[in-house]
Asks: 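Here's a structure for you.
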Amino acid sequence: MSYMAAVITVSDKGFRGERTDTSGPALCAMLRQAGYEIAYTALVPDEVGQIQAELIKCADEMKLPLVLTTGGTGFSPRDVTPEATLAVIDRETRGIPEAMRAESLRITPRGCLSRSVAGIRGRTLIVNLPGSEKASRENLNAVLSAIGHGLDMLSSGGSADCAPPAEQKTAPPSMDTWLKEAKADPSAGNVGMYLFHNGVVRQTPKAQVRQGAAALPVVRAMEFSYDADKVAAAVEQTCAMEGVYYVRTWLNRGVLNVGDDIMYVLVGGDIRPHVVDALQFLVGKIKSDCVTETELSDAPV
């Protein structure tokens, strides 16, 4: 299920225009890649009252399922995001910050110094993330898949089934919307071109196309799934390539019919060779390492 989300950056310097916010846009990009719609963003100073007001607005007025904050989780006297969050939530969800700190400790012993908290207000999950772009991305990546299940439980009328649900195919995103959002991204000033890949289910079996096998029964459908963590890692590798400034992916799931969309990939970069190389790398990486495809035909077993 797709959910709407808000990202709130907490920073005195950012609010005064003395520092460019990179963490907020990075988190928005990660959420969009995971299928979320960004309904609201804000930049506020390290003031308890203003942080509380934004959290209450997102939860009570806008009824958003997920609110992420970035910044204000350290030891400075001005770092008050956890206190503001604890003041407005009804229930803590301590496992989320525990998992994030555990991930940070794998990278640096200073990970134990994060004071991030998470909790529920009504039917809204609020999660604090660090102010550093790198740390905020690492922390969110550690819990993003679990957060999706948590939101499913919050949105349900009763207890949620913890067994894996049957995977259902989803509607593809709008490429016009993707391009509009890409051109509004802070990275857009560095981008000279965008390239797009759209993979679809075809009738001709992949063994016939890729390995030159003899004629085989036509494909009528495909069972398709993917490993979200591996896709995220592939995107990270692509973002680190020379001249690449923007990467976004969407993958389908479930039983797909011939002609259904399998994946969308959008890459933006400075010059054509860099963008072509990045797109080919990412699509190849996803196909070879991240997805499971089972072609279905009417051939006798």
Side-chain angles (χ1 to χ4, degrees), residues 2 5 7 20-38 41 70 132-138 140-141 144 169-202 204 206 209-211 222 224-253 256 259-293:
S2 179
V7 175
T20 300
D21 173 30
T22 60
S23 298
L27 295 177
C28 287
M30 287 184 68
L31 288 172
R32 290 191 185 103
Q33 179 192 329
Y36 291 80
E37 179 181 345
I38 307 303
T41 61
T70 171
S132 152
E133 178 186 343
K134 179 176 181 294
S136 66
R137 290 171 61 90
E138 292 167 349
L140 180 58
N141 191 53
L144 188 54
K169 66 181 180 182
T170 58
S174 162
M175 184 46 54
D176 287 341
T177 299
W178 269 28
L179 284 171
K180 185 181 297 184
E181 291 173 348
K183 292 175 181 178
D185 189 85
S187 67
N190 297 311
V191 175
M193 74 175 302
Y194 296 94
L195 285 180
F196 169 64
H197 170 81
N198 174 210
V200 300
V201 180
R202 59 171 174 254
T204 309
K206 60 184 178 183
V209 173
R210 300 175 188 174
Q211 287 91 42
M222 175 188 288
F224 187 85
S225 63
Y226 64 94
D227 186 315
D229 291 336
K230 289 183 178 180
V231 172
V235 169
E236 288 285 345
Q237 288 180 271
T238 308
C239 289
M241 295 176 70
E242 183 180 2
V244 176
Y245 293 96
Y246 190 88
V247 178
R248 190 167 179 180
T249 63
W250 169 87
L251 283 81
N252 214 335
R253 291 186 187 272
L256 311 180
D260 281 349
D261 295 295
I262 296 174
M263 73 173 77
Y264 282 10
V265 177
L266 178 65
V267 176
D270 53 3
I271 58 175
R272 182 177 179 82
H274 291 156
V275 183
V276 170
D277 287 348
L279 184 67
Q280 291 178 337
F281 169 81
L282 181 54
V283 172
K285 189 78 172 175
I286 290 173
K287 289 181 176 180
S288 62
D289 297 346
C290 306
V291 306
T292 301
E293 302 172 292

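Here the structure is a predicted model, which means the values were calculated and not measured.
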Asks: For residues R272 and L195, report the shortest heavy-atom separation together with the two atoms involved.
Replies: NH1-CD2, 4.3 Å
Asks: Where do D261 and L256 come nearest, in terms of heavy atoms and distance?
Replies: O-CD1, 3.9 Å
Asks: Drop me the distance from M222's CE to T292's OG1, to the nearest 0.5 angstrom.
Replies: 11.0 Å
Asks: Could you verify whether a donor N or O on one side chain and an acceptor N or O on the other, from S174 and D176, lie under 3.5 Å apart?
Replies: no
Asks: Go through the steps for I38 and R32 under the test side chain to side chain contact (heavy atoms under 4.5 Å, CB included), then give the verdict.
Replies: CA-CA 7 Å; I38 307 303; R32 290 191 185 103; 3.8 Å; yes
Asks: Is E236 atom CD crowded by more than 12 heavy atoms from other residues, nucleotides or ligands, each under 6.0 Å away?
Replies: yes
Asks: Would N252 and I262 count as a side chain to side chain contact (heavy atoms under 4.5 Å, CB included) if you check the C-alpha gap in whole Å, the side-chain angles of each, and the deciding distance to 0.1 Å?
Replies: CA-CA 5 Å; N252 214 335; I262 296 174; 5.6 Å; no
Asks: Of all heavy-atom pairs between A234 and K285, which one has the smallest distance, and what is that distance?
Replies: CB-CG, 3.7 Å
Asks: Taking all heavy atoms of T70 and all of S23, pick out the closest pair and write down the distance.
Replies: OG1-CB, 3.4 Å
Asks: Quick one: are C28 and T41 in side-chain contact, heavy atoms under 4.5 Å?
Replies: yes
Asks: Quick check: closest heavy atoms across V267 and A278, and the distance to 0.1 Å?
Replies: CG1-CB, 3.9 Å
Asks: From Y245 OH over to H274 NE2, what is the distance, rounded to the nearest 0.5 angstrom?
Replies: 9.0 Å
Asks: How far apart are the closest heavy atoms of Y246 and W178, and which atoms are they?
Replies: OH-O, 4.4 Å
Asks: Do the side chains of I286 and Y226 get nearer than 4.5 Å, heavy atoms only?
Replies: no
Asks: Just how far is it from atom SG of C290 to atom CE of M263, taken to the nearest 0.5 Å?
Replies: 8.5 Å
Asks: How many angstroms lie between atom CG of L266 and atom NE2 of H197, to the nearest 0.5 angstrom?
Replies: 12.0 Å
Asks: Quick one: pull up CZ in F196 and CE in M175 and give me the separation to the nearest 0.5 Å.
Replies: 3.5 Å
Asks: Are any non-hydrogen side-chain atoms of V235 and M30 less than 4.5 angstrom apart?
Replies: no
Asks: How long is the span from the CG atom in L31 to the CD atom in E37, to the nearest 0.5 Å?
Replies: 11.5 Å
Asks: Does the side chain of E293 reach to within under 4.5 Å of the side chain of K287, using non-hydrogen atoms?
Replies: no
Asks: Can F224 and L251 be said to form a side chain to side chain contact (heavy atoms under 4.5 Å, CB included), step by step?
Replies: CA-CA 9 Å; F224 187 85; L251 283 81; 4.3 Å; yes
